[in-house]
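These notes are about the structure you will find just below.
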4 protein chains.
Amino acid sequence: MARATQTTGTPGTGRPAARHHGNRHGRSEQARLAVLNAADDLLVEKGFAGVTMEGIATRAGVAKQTIYRWWSTKTGVLMDAFLQDVAEDLTVRDHGDLARDLRTYLRELAWFLSSSDSGAVFRALIAHAQHDPAFAEDFRSRYLDDQRGRDRLPLERALERGELVPGLDLAAETDQLMGPVYYRVLVTGEPVGQEFTDRLVDAFLHRHGLTAPAKD
Amino acid sequence: MARATQTTGTPGTGRPAARHHGNRHGRSEQARLAVLNAADDLLVEKGFAGVTMEGIATRAGVAKQTIYRWWSTKTGVLMDAFLQDVAEDLTVRDHGDLARDLRTYLRELAWFLSSSDSGAVFRALIAHAQHDPAFAEDFRSRYLDDQRGRDRLPLERALERGELVPGLDLAAETDQLMGPVYYRVLVTGEPVGQEFTDRLVDAFLHRHGLTAPAKD
Amino acid sequence: MARATQTTGTPGTGRPAARHHGNRHGRSEQARLAVLNAADDLLVEKGFAGVTMEGIATRAGVAKQTIYRWWSTKTGVLMDAFLQDVAEDLTVRDHGDLARDLRTYLRELAWFLSSSDSGAVFRALIAHAQHDPAFAEDFRSRYLDDQRGRDRLPLERALERGELVPGLDLAAETDQLMGPVYYRVLVTGEPVGQEFTDRLVDAFLHRHGLTAPAKD
Amino acid sequence: MARATQTTGTPGTGRPAARHHGNRHGRSEQARLAVLNAADDLLVEKGFAGVTMEGIATRAGVAKQTIYRWWSTKTGVLMDAFLQDVAEDLTVRDHGDLARDLRTYLRELAWFLSSSDSGAVFRALIAHAQHDPAFAEDFRSRYLDDQRGRDRLPLERALERGELVPGLDLAAETDQLMGPVYYRVLVTGEPVGQEFTDRLVDAFLHRHGLTAPAKD
DNA sequence: GTGTAAGCGAGACGGTACGTCAAGTCTTCCG
DNA sequence: CGGAAGACTTGACGTACCGTCTCGCTTACAC
């Protein structure tokens, strides 16, 4: 769970080395990272109910007030922790071939959602989003919209390559591919194996008159 | 959210009216119903965080101890409340025609999940299931397994009628139909309109060499 | 610091033995006493700043909430603790002789104020009363009015015995006797020895044409 | 509460106007005065509990660190504020006549203690002194000793004039005069009217064989 | 005239205690 | 014996100040 050295407020902005502990240059990078790490360690170890502001503060060796200064809720902390980790865990490969791209991506998505540490945080956050509409909105704009972009990427590339006919409703097609995976993970709790994801891809290809490649 | 006056223990059994507040004849039906009603009223009014054992007790006019005597957690209460309501809200019609059955059912499922009071409780429970594996297990055996049976019903009937070829993996097919609906409701939060559900049905029919009927 | 078994709310009312720990019969006598003892132990050991609600709770082995259920402030706790103790520490003797009564009483008052544990609590409370007018009001009606009654007692008895002429402003006379003692204790911090108190009595006696007895 | 532009360190020394915000020549007079004013404004407006280092800093437009650089506690600040004000509020007049001097002085003392802004600060400080022996010591050496000197002044002058016989225990006599005034202000909270202070003076005069003058 | 060092405003930091809320347990009395 | 009442311990909440710290700015003397 290595973390990039970035502020929350201005994500992506590089920043000079931070050795200070609180001064007019703003927040302590050290405290920020300690908080984020403590939060998702606690989530993985003790589950969502085991994540408390008090617990995060203690484990991070940080004052509670320092957490409240920068985040308003524990789910806010978890979201930031998640956003920093997730980039590493889920990337979209480009093999120049739609079938392979989809197969690979769906397998990795299934693994990410059901088996990775980040996936555990994701499930916790998506669960919390059901209880809290404002959080849901925030989570969508900060993560899910990007994620849907990534989900759509293989199809967009295929469109550009001419593998798919123009005029397709990419959003709806993507939902048909991804939906069942999320469904199994979040609702039924069944394992999402390769056969399952491959079958989703096959159905998609068949639907668009493409042939499934041999199993890899 | 009308509730039948039935005990949990002996569902369907008629029983003499029970208006007592404490007697030697077993639990008070009145208290039980008051608790269940209070719980989902609170959920609908104030959201999941607004449901507390203390709040339920106060609103139901019941002692906290009485709740703890019969349920161990507030989610247990909500589950019982949900189970009693849900039967009324989601039924599977049989038109003797797969295409119509599926279209109708998916529309109703979408409405149930996203717009009904019971759907709100469902979302709360499925969310809680992400945080609590034991509860997830319980929720599946007490509700979701039945629900998946209902989801599969149109396909099973079609199989019997010969509309579908035998040997189909019904579970996987059902997941492809239902998954995207749950996905939109739980994850993206987008509205799940008729076009979306109809498209899912069309894809299914096309996949199995059936023709889509005219729009209704 | 033995404490009588009385409620705060209805002081003086006897109450049946209390073995319970919280039930519909009302508060736990055990908890109440533990809190009062903890409070004045802390005061004596660590001073006023060392008395915190949290500290009282911990030392008394009681939940913070239990303290807040019955008292609203730490000074409220200290006042109750003080009221229970004070009766034992300061009594007015009756020798049937004004001079002796006054001498004895002023010596004991000086000792009480400057050297007893209860006196330490008294000083803390009178100090707090300077900061908090509502508390001052409460302290006066719950303690000081009685205390002034006790202070006046020797003079009243002397009046009845005919040692003093009727029509005396007892309040003002008492203030002249007691005031310098409080002044030394609260303001100058000087020791209040026997010479000092005896001199006050002598001045009083001289002022009213009485002769001072031989030193005892 | 006008304040002279003087440092604490070198009271009475005139100094050039200092409007700077930071230099190598020592502290900012502007900051010092802002702090003292803020402190006793807060005391008068919100009471002792309303005086916080943070609040003083904010109201004075000064950094907290600047306060801590020159004072170690908020009561230290209040004491300095008090010392600067008090000189103006309580002076001892010399009419060349003991009876008049005492009457005037006791009336002014009573007014000072119970009704002036400085008196409010005095009461807060004497209260705090009950809780903090080190502070008490400091308060005595920085203020109370001087004050007792002022209190004694009328008697000393009378001694020099021959109105009183030599060999008198001035300290004890002063305590008998002043004590009841402080007692009423600090303990009973009763108003200290002219009748009360005049009566104290009359008793003193009578005790020393002097005649009370006509009422003025 | 320029560097350097002190005082300053600013404000983040690790803490302690605050007063509140709900959880889950217990004990009693009533019907 | 179930239920109403409600006191109890526990633990987390979010807030307010504490006293410490680091920083960059603003001087005015010392070189």
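This is a predicted model, so every value here is computed, not measured. Quick note: numbers below take in every heavy atom, side chains included, and nothing from hydrogens, waters or symmetry partners. Residue numbers begin at 1 in each chain, while the letters A, B, ... track the order of the sequences.
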Value in whole Å for how far the [atom2] atom of [N] lies from [atom1] of [X]:
X       : N      : atom1 : atom2 : value
B:Glu29 : F:dG2  : CD    : C1'   : 14 Å
B:Gln30 : E:dG31 : CD    : C1'   : 14 Å
B:Phe48 : E:dA22 : CZ    : P     : 14 Å
A:Arg32 : E:dC13 : CZ    : C1'   : 16 Å
A:Tyr68 : F:dA12 : OH    : P     : 11 Å
C:Arg69 : F:dG6  : CZ    : P     : 12 Å
B:Lys46 : E:dA22 : NZ    : P     : 8 Å
B:Ile67 : E:dT25 : CD1   : P     : 13 Å

#### Entry: Those residues of residues 51-64 of chain D lying under 4.0 Å from DNA chain F by at least one heavy atom
D:Thr52, D:Met53, D:Glu54, D:Lys64

### Message
Is there a side-chain contact between D:Thr66 and the phosphate of E:dG9, meaning an N or O under 4.0 Å from OP1 or OP2?
### Response
yes

#### Entry: side-chain N/O B:Trp70 vs F:dG3 OP1/OP2, d < 4.0 Å
yes

### Query
For the atom pair CG (C:Leu78) and CZ (C:Phe135), what is the distance rounded to the nearest 0.5 Å?
7.5 Å

Side chain to side chain contact (heavy atoms under 4.5 Å, CB included) partners for [X], two or more places apart:
X        : value
A:Arg69  : A:Gln65, A:Thr66
D:His131 : C:Phe48, C:Ala124, C:Ala127
B:Ala60  : B:Ala34, B:Val35, B:Ala38, B:Val62

### Query
Is any N or O donor-acceptor pair between the side chain of C:Gln65 and the base of E:dC21 shorter than 3.5 Å?
yes

### Task
State which residues pass side-chain hydrogen bond (donor to acceptor under 3.5 Å, both in side chains) with B:Glu137; sequence neighbours excluded, sorted by chain then number.
none

#### Entry: Listed partners of B:Thr58 passing side-chain hydrogen bond (donor to acceptor under 3.5 Å, both in side chains), at least two apart
none

### Message
Of the options E:dA12, E:dG14, E:dG7, whose atoms approach the side-chain atoms of D:Ser28 most closely?
### Response
E:dG7

### Task
Establish, for the pair A:Arg32 and A:Trp70, whether the NZ or CZ atom is under 6.0 angstrom from the six-membered ring centre and no further than 45 degrees off its axis.
no

